[in-house]
Protein chains: 2
Amino acid sequence: MAEKVTIATVARHAQVSRQTVSNVLNAPHIVREETRRRVQEAISALGYRANQAARQMRTGRSRLIAVRIEPTRDGINGSVLDRFLHGLTETADAAGYRVMLYTARDDDQEIATYDDLLGAYDLDAFVLTGTKHGDPRTAWLAEREVPFVTFGRPWDALDGHPWVDVDGAAGTAQVTRHLLDGGHDRIAFLGWPTGSGVGDDRCAGWRTTMTAAGHDVAGLRRESEDGIAEGERALRDLLAHDAPPTAVVCASDSLALGALQAARDAAAPVAVVGFDDTPVAAAVGLSSVSQPLAAAAARCVDLLTTLLDGQPTDQQVLLTPTLVLRHTA
Amino acid sequence: MAEKVTIATVARHAQVSRQTVSNVLNAPHIVREETRRRVQEAISALGYRANQAARQMRTGRSRLIAVRIEPTRDGINGSVLDRFLHGLTETADAAGYRVMLYTARDDDQEIATYDDLLGAYDLDAFVLTGTKHGDPRTAWLAEREVPFVTFGRPWDALDGHPWVDVDGAAGTAQVTRHLLDGGHDRIAFLGWPTGSGVGDDRCAGWRTTMTAAGHDVAGLRRESEDGIAEGERALRDLLAHDAPPTAVVCASDSLALGALQAARDAAAPVAVVGFDDTPVAAAVGLSSVSQPLAAAAARCVDLLTTLLDGQPTDQQVLLTPTLVLRHTA
DNA sequence: GGGCACGATTAGATCGTTCAAAGTTTCTGG
DNA sequence: CCAGAAACTTTGAACGATCTAATCGTGCCC
């Protein structure tokens, strides 16, 4: 095969010094037009590519971003991460960064992995997904001044790091408004136990929209862990009352799927809307709130690159999801 | 923060030379017991981690494996990749490798990306998913002697590279046998147009099992592109005949989901079984053939590591999927 | 006791790039 | 025409590891 093409090969070919080639790549404006052109030609003629390892050793930057890939807990929500990862890889690529994966069973192990990745690969930044109250990971990273962005708001008020999130409340508000416009007035909400940031947020959109429209929400909310069976149970329970709801807004597609099964046996039709627009929703015709994952990923990369360019951003981005209407509402 | 800990720091701390520290890490047997212990202590006391970039520059190996993350075509099948990726990351990690992601719109772009990744990051190996007839990617890699493994058999007989795959025929055979045992005898198959390796393989399992059991398969096979609507149409067509099938084996969960909808309106109950055991299947209670993705990923890493250790393997691994029974069969 | 082999350890060069500083050419104005 | 500045280019060192080859003890045999 062809010899390894280094910066020296290019330099010789273009009859300039190594440093001039380096300047063409990293600071083109200081190189004379004609020299630059000659070097560029040599570069493409030889198919030269800067060796990252060598560059990294000198500059201390690896142009590598790490993301955790989770073990697909429920199975349904896995595809959210999947799409997010794809978007991240694509945008990072365009910005000249590469995405590296890692796994971890728990927070301690994840922090150990940070240490490892930073030490061995000199990672430039991390993208965290799914933050929770009092997250030890963000604290660890912040303390060491490692650049990172979270996809998901920090739910502790004091954390001041850049994040990107999808406005869950806006999503459920949109759903609720749509249902109200469609003539529904007894609209229930199936959510998770109070205390999870994401869950509370999604509930809030429903609650405020209902009360703003002058409707009482008492007795219209059920909470349970995430799951299909749980969703079914919750809606059956609601339907057993005197004045059963005619529509349900759900905090997840899993709950909505369960609700859908309960709705099938109901006396009167019940509209059901889920959250996350997972493939399952598309498959069974469930209306759902769709998160702009590609956009979210792109904004994460945006924030990281400005952060890595030295400007201490602590910007926050809140994206609005869209309601995808199918057969169920 | 703490200074950077290099091999020199460790050497000074343990009162030996750099090279001895390097030997403790890479060739422990040539270092005297007592010296080794002293160095090990210094390493853990200082929290030393070998800098990959420096190591890579000298050895030419990056301990990095690249995998493509696809844009989740159908949406339903996306989760297969998701689970595979997780397994891959986990096993690679254990073997001392890291997984890097990339995307590509088409084969040409993918090959350009190989070139880029190899040149810039000195990637050690690639894992390809979803091979097809006359795949230009494997040819390109083989020509340059870049180590790679495919998840999916090469469908051109002459390609002699290591691969891992799931025995689709064994999966559909198992399903067919199960249905025969359950008393069915008119069992149909919904598949993709002849010519796709994966599709033909899955069809074969059904066909051979049926004929081996003495059943005629004439008129019991329908083919279409993958999709829910396509599956529904295909089964409706089958049910319109004089002797409609009492069960359908499908080449994908998408087709099976469509079939399920057609089956709902049928005069007599029709058993339906899908393929891939996607979250959708679990959600709607569809029986399906489950691929051992974590195991497949692990075997991919196995093959790659032996390949990277210099032993020219061209081993092939065929894993047997399992049938997950739910409500629909 | 001298020579020799063998195991353990060390010194110096090297991988491909960028930084810092010094060198060279070209331009400008008096 | 020359000094001085500006624009451009080159040289040598450094990043942190491993490779090659050399050095230092130590034990063994004649």
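Letters go in sequence order (proteins before strands), and every chain restarts at 1.
Closest heavy-atom contact between Leu303(B) and Val317(B): CD1-CG2, 4.3 Å.
Aromatic ring orientation, Phe126(A) versus Tyr102(A): perpendicular (interplanar angle above 60°, classes split at 30° and 60°).
To the nearest angstrom, P of dT17(C) lies 15 Å from CZ of Arg63(A). Between the P atom of dA8(C) and the CZ atom of Arg37(B) lies a distance of 16 Å, rounded to the nearest Å. Taking atom CZ of residue Arg12(A) and atom C1' of nucleotide dT10(D), one finds them 16 Å apart after rounding to whole Å. The CD-C1' distance, from Glu33(A) to dT9(D), rounds to 17 Å in whole Å. One can place NE2 of His29(B) at 10 Å from P of dA8(C), the figure rounded to the nearest angstrom. With rounding to whole Å, Asp122(A) atom CG is found 18 Å from dT17(C) atom P. Rounded to whole Å, atom P of dC27(C) lies 9 Å from atom CZ of Arg32(A). Straight-line distance from the CD1 atom of Ile30(A) to the P atom of dC19(C): 10 Å, rounded to whole Å.
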(request) Produce a footprint string for nucleotides 15-26 of chain D: one letter per nucleotide, 5' end first; B if the base is under 4.0 Å from any protein heavy atom, S if only the sugar-phosphate is, - if neither. (result) BBBBB-------
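Judged by distance alone, the side chains of Glu70(B) and Thr103(B) never bring a donor and an acceptor atom under 3.5 Å apart.
By the 4.0 Å N-to-carboxylate-O rule, Glu41(B) lies too far from Arg38(B) to be salt-bridged with it. Remark: Arg98(A) engages Asp93(A) in a salt bridge, criterion side-chain N to carboxylate O under 4.0 Å.
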(request) Dump the intermediate steps for salt bridge (Lys or Arg N to Asp or Glu O under 4.0 Å) on Arg63(A) and Asp124(A), then the final yes or no. (result) CA-CA 6 Å; Arg63(A) 306 200 73 87; Asp124(A) 281 350; over 6 Å; no
